[in-house]
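Take this structure first; my questions come after.
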Amino acid sequence: MNDIDRLTALFTALGADDAAGWADSEAEENIPQLARYRFLRMVWQDIDAWSTAAPDWAGAYAEEGRADGAVGRALRLGLSHQELGEIAREVAKETAFGILYGLADPTDGRLPPGVEEQLPGWCLAELSPEGKPTGRILDALYEDLDEVDPAAPQGQDDVRP
């Protein structure tokens, strides 16, 4: 089994729709696509939990917590747990996108001139299966967030305002 076959099998095991494309990109371009896909898959599992677990969290939030009033009112006004879950999923997706974008580009222009240039940045780096740094950085993860969305039709990117 060559490297592309091994990578394709791993992407397939993770549920990638275009496992061969992701594997080819990693092998041909030396981009840590398997690490990227695995990370984004984990992010989507958390995003999707807001939708799939809506009956659990909506019921609990309606009784106590910072959002108890809003969730309780929404339920009393007739929103279903599914509808609240859809809203929460979109909020979680936008939050994840913002974090991933900020990871790639932490400068936001809201600090006084001369301050941002002095601040440290950060990165997400790939580790080998043994836990050793490979030297490859997972950059611009926000670009592939929609590509890994398990609920989106493949090949259609989300358009952001």
Rounded to the nearest 0.5 Å, how far does CZ of Arg38 lie from CD of Glu126?
->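 Glu126 atom CD to Arg38 atom CZ measures 11.0 Å (nearest 0.5 Å).
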Enumerate the residue pairs fulfilling ring pair (Phe, Tyr, Trp, His ring centres under 6.0 Å) with a member in residues 3-22, sequence neighbours excluded, ordered by first and then second residue.
->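 Every ring pair (Phe, Tyr, Trp, His ring centres under 6.0 Å) pair that includes a residue of residues 3-22, provided the two are not neighbours, is Phe11-Trp22, Phe11-Tyr37, Trp22-Tyr37.
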CD-CD distance between Glu147 and Glu143, expressed to the nearest 0.5 angstrom |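 Between atom CD of Glu147 and atom CD of Glu143 there are 11.5 Å.
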Atom of Trp57, atom of Ala88 and distance for their closest heavy-atom approach =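 Minimum heavy-atom contact is CZ2-CB, 3.5 Å.
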Looking at CG of Asp144 and CD1 of Ile31, how far apart are the two atoms once the value is rounded to the nearest 0.5 Å?
-> 9.0 Å
Looking only at atom types and distance, does a side-chain atom of Glu83 sit under 3.5 Å from a main-chain N or O of Ser80, one as donor and one as acceptor?
->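 Yes; judged by distance alone, with no hydrogens or angles, the pair exists.
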Interatomic distance, Glu86 atom CD to His81 atom NE2 [nearest 0.5 angstrom] | 13.5 Å
Just grab all the ring pair (Phe, Tyr, Trp, His ring centres under 6.0 Å) pairs involving residues 127-149, residues at least two apart or on different chains.
->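 Listed by first then second residue: Phe97-Tyr142, Tyr101-Tyr142.
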Looking at residues at least two apart in the chain, or sitting in another chain, which of them share a side chain to side chain contact (heavy atoms under 4.5 Å, CB included) with Glu117?
->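 Here no residue qualifies.
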Between Arg136 and Glu26, is the closest basic N to carboxylate O distance under 4.0 Å?
->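 Yes, Glu26 and Arg136 are salt-bridged.
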Val43 side chain reached by Leu141 side chain, heavy atoms, under 4.5 Å =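 No, every pair of side-chain atoms sits at 4.5 Å or beyond.
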Are Leu124 and Ile99 in one and the same hydrophobic cluster, where Ile, Leu, Val, Met, Phe, Trp and Tyr link if side-chain heavy atoms are under 4.5 Å apart?
->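 In one cluster: no.
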Side chains of Ser128 and Glu130: do they bring a donor and an acceptor to under 3.5 Å?
-> yes
Using links of under 4.5 Å between side-chain heavy atoms of ILVMFWY residues, direct or through other members, which residues join Leu119 in one cluster?
->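 Cluster partners of Leu119: Leu111, Val115.
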Backbone of Asp146 reached by a side-chain donor or acceptor of Trp44 within 3.5 Å | no
Please list, chain by chain and in numerical order, all residues satisfying side chain to side chain contact (heavy atoms under 4.5 Å, CB included) with Arg73, sequence neighbours excluded.
->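 Side chain to side chain contact (heavy atoms under 4.5 Å, CB included) check on Arg73 returns Ala70, Arg76.
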Any side-chain heavy atom of Ile4 sitting closer than 4.5 Å to one from Asp24?
->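 A side-chain contact exists here, since the closest heavy-atom pair is under 4.5 Å.
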Output yes when a side-chain donor or acceptor of Arg41 lies under 3.5 Å from a complementary backbone atom of Leu14, and no otherwise.
->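 At least one qualifying donor-acceptor pair exists.
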Within the side chain of Ser25, is there an N or O that forms a donor-acceptor pair under 3.5 Å with the backbone of Gly21?
-> no
Is Arg36 paired with Asp139 through a side-chain N to carboxylate O contact shorter than 4.0 Å?
->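 Salt bridge absent between Asp139 and Arg36.
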Quick one: CG on Asp5 to CG on Leu10, what's the gap to the nearest 0.5 Å?
-> 11.0 Å
Joint hydrophobic cluster, Leu145 plus Trp122, side-chain heavy atoms closer than 4.5 Å |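 Per the 4.5 Å side-chain linkage, Leu145 and Trp122 are co-clustered.
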Measure across Leu75 and Leu79 and return the closest heavy-atom pair with its distance rounded to 0.1 Å.
-> CD2-O, 3.5 Å
Heavy-atom neighbours of Glu116 CD exceed 12 at 6.0 Å = yes
Under 3.5 Å, side-chain donor or acceptor atoms of residues 46-56 against the rest of the protein: list the pairs with distances, not counting sequence neighbours.
unit_1, atom_1, unit_2, atom_2, d
Asp48, OD1, Arg89, NE, 2.6
Asp48, OD1, Arg89, NH2, 2.9
Thr52, OG1, Asp48, O, 3.3

Evaluate the criterion side chain to side chain contact (heavy atoms under 4.5 Å, CB included) for residue pair Tyr61 and Leu84; output intermediate values, then yes/no.
-> CA-CA 11 Å; Tyr61 285 11; Leu84 286 173; over 6 Å; no
Where do Val71 and Ala58 come nearest, in terms of heavy atoms and distance?
-> CG1-O, 3.4 Å
Do you know the tightest heavy-atom contact between Ala20 and Thr8?
-> CA-OG1, 3.9 Å
Applying the 4.5 Å side-chain criterion to the ILVMFWY set and letting contacts propagate, would Met42 and Leu138 be lumped into a single cluster?
->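 In one cluster: yes.
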